2 protein chains.
Amino acid sequence: MSTRIQTRNRQRILEAALDVFSANGFRGATLDEIAKASGLSKPNLLYYFDSKEAMHRALLEQLLVVWLAPMRAIDPKGDPHDEIIGYMRRKLQMSRDYPRESRLFANEVLQGAPRLGDAIAGELKTLVDDRVAVIQDWVKAGRLRPIDPYHLIFSIWALTQHYADFDAQIRLIRGDSDPMAGSEEFLDMLFDRLLSM
Amino acid sequence: MSTRIQTRNRQRILEAALDVFSANGFRGATLDEIAKASGLSKPNLLYYFDSKEAMHRALLEQLLVVWLAPMRAIDPKGDPHDEIIGYMRRKLQMSRDYPRESRLFANEVLQGAPRLGDAIAGELKTLVDDRVAVIQDWVKAGRLRPIDPYHLIFSIWALTQHYADFDAQIRLIRGDSDPMAGSEEFLDMLFDRLLSM
DNA sequence: GTCTATAGTCTGATAGAC
DNA sequence: GTCTATCAGACTATAGAC
C-alpha cells in the first residue's frame, strides 16, 4: 500500500510526460520517450496510467487549475487599471514559471483543442464571460475607458504567452540571453497606454 | 513528360499536406491522412516527394516567402507610424488569408523549430535585425517615440498570429461568429496608442 | 505514373514471471 | 510493483506489375 512511492512515481511520470507532450503535441509524443525521460519502463508507465490518453488528460486537468488562477484573481471591486495590469503581470509570470505548461496548452489549442474543447467551452468560457461582464461594468461606470473586453483579454493572452510558446524563435533572433528580458517593462508600458483615459 | 499533370499533382499534395501538418505538427501527421486528403495513393505521394520530410520542407520553403513579405515591405523612408501600423495590418491580413500557414509555422516553432531553425537564425534574423535598425534610426531622428524595437516586433507577431493560431479557443469562447470580428479596429487603436508621442 | 503488396520499423498496450 | 517478452496495428518507405 506504499502510497508514498506511488505518488512519487506518478509525479515522475507526469513530469516526464509534460516535457514530451509539450515539445511534440499529443500525437507526436511517444510512450518510449516518456519512459526514457522518466527512467521507468514502458509497461510501468501503463501500470500508473491506463493509457497515453489518461496521462495527457491528467496533465491538462492539473494545468487548468493553475492556468485560470490569474484570471480568477481579478477583483471586480478593485481599481480597473490596476486589476487589468495585475492580471497581465500574473499571466506573464506564468510564461516565465511554466513555459512547458504554456506550450502544452498551445499545442492542444493549435491542433483544434480535441481534448480540451469541453473545458474551454465550459469552465474557461464561463470565467471569461464573467470577467467580460466585469470589464463592461467598469466601462459603464466610467471607471475604464470604452474598450472591447474580448479583444482586451485576447491581447493579454497573446502578448504574454508568446514569450513561452515562441521561445525558440525569440532565442534564435535575440541570441541566447534571457528571451523575456525587457518584456515586463514593455508590456507595462503598452497596457498603461492602452488603458489610459 | 506531361509536366502539367506533375505540377498539378504536386500542388494537390502540398495542399493536403498543409491541412494535415498544420493540424497535427510534423510528427503527428501521417502519410495516410495526406494520401486520403489529396485523393492520391500513399506510394504515389512518395513518387512526387522523396519522403515525408521532403513534403514538409517544401511547405516551409514556400511559406517563408509569403510569411516574410509583410516585414520586407516596411519602407525606411516612409512615415514611422504609418509603416508600423501598415506592417501590423498586413500581418493581420495574413492570419485571415493564411491561417493554416500560420499554424504550420506555429507548430514548428512551438516544437523547437527543428526544421526551421536555420531559416529563423539566418533569413529571418537578418531581416529582423535590419528592421530593428530602421526603427532605432526613426527613434534617433525623433520621428518615433523611444520604444524597444524587438518587443515592438514581437508584440505585432503575437497579437496578429494569435487569431489564426488560437482560432479554436476563440471560437469556443465567442461562439461560431467570425473569430476575427473587431480585431482590426482593436489593433489599430492599440498600436495608435502605443506609438503616439 | 499509378497501383497493390509488402518489407521493416515503431506504436500503444498486454501477458506473465518474479 | 516492476520487469522481459510480445502482441496487433500503424507507420514510412520500397518493389514490382501494369
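Throughout, protein chains are lettered first and strands after them, A, B, ... in sequence-line order, and every chain is numbered starting at 1. The shown structure was predicted, so the numbers you read here are calculated from the model rather than taken from an experiment. For the numbers below, each heavy atom of this structure counts, side chains included, while hydrogens, waters and symmetry mates do not.
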Rounded to 10°, tell me the angle between the two end axes of the helix from dG1(C)-dC18(D) to dC18(C)-dG1(D), each built from five pairs.
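Between the axes fitted at each end of the helix from dG1(C)-dC18(D) to dC18(C)-dG1(D) lies an angle of 10°.
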Classify the ring geometry of F154(B) against H162(A): parallel below 30°, tilted from 30° to 60°, perpendicular beyond 60°.
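It falls in the tilted class, 30° to 60°.
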Does any residue of residues 42-51 of chain A have a heavy atom under 4.0 Å from DNA chain C, and if so, which ones, in number order?
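Output list: K42(A), P43(A), L46(A), S51(A).
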Side chains of D75(A) and Y87(A), donor plus acceptor under 3.5 Å
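Result is no, nothing qualifies.
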Starting from L159(B), can I reach F166(A) by hopping between I/L/V/M/F/W/Y residues whose side chains sit under 4.5 Å apart?
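Looking at the clustering, L159(B) is in the same group as F166(A).
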L64(B) reachable from L110(B) in the ILVMFWY side-chain graph, under 4.5 Å edges
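Result: no, two separate clusters.
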List for me each residue that meets salt bridge (charged side-chain N to carboxylate O under 4.0 Å, His left out) alongside [X], sequence neighbours excluded, and say none if there are none.
X: R90(B); value: none
X: E33(B); value: R27(A)
X: R57(B); value: none

Mind running a 4.0 Å heavy-atom check of residues 21-41 of chain B against DNA chain D and sending the residues that fall below it, in number order?
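Going residue by residue through residues 21-41 of chain B, the ones with a heavy atom under 4.0 Å of DNA chain D turn out to be A29(B), T30(B), L31(B), D32(B).
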Could you state the CD1-C1' distance from I5(B) to dG1(C), rounded to the nearest angstrom?
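So the CD1-C1' distance, I5(B) to dG1(C), works out to 9 Å.
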Between dT2(D) (P) and R12(A) (CZ): distance, integer Å:
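So the two atoms are 9 Å apart, to the nearest Å.
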Is the backbone of D167(B) close enough, under 3.5 Å, to the side chain of R103(B) for a donor and an acceptor to pair up by distance?
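No, the answer is negative, given that no donor and acceptor are paired below the 3.5 Å cut-off.
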May I ask you to decide if L18(A)'s main-chain N or O and R100(A)'s side chain share a donor-acceptor pair within less than 3.5 Å?
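Judged by distance alone, no pair lies under 3.5 Å.
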Does the gap between the ring centers of H151(B) and Y163(A) come in under 6.0 Å?
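Judged by ring-centre distance (under 6.0 Å), H151(B) and Y163(A) do meet the cut-off.
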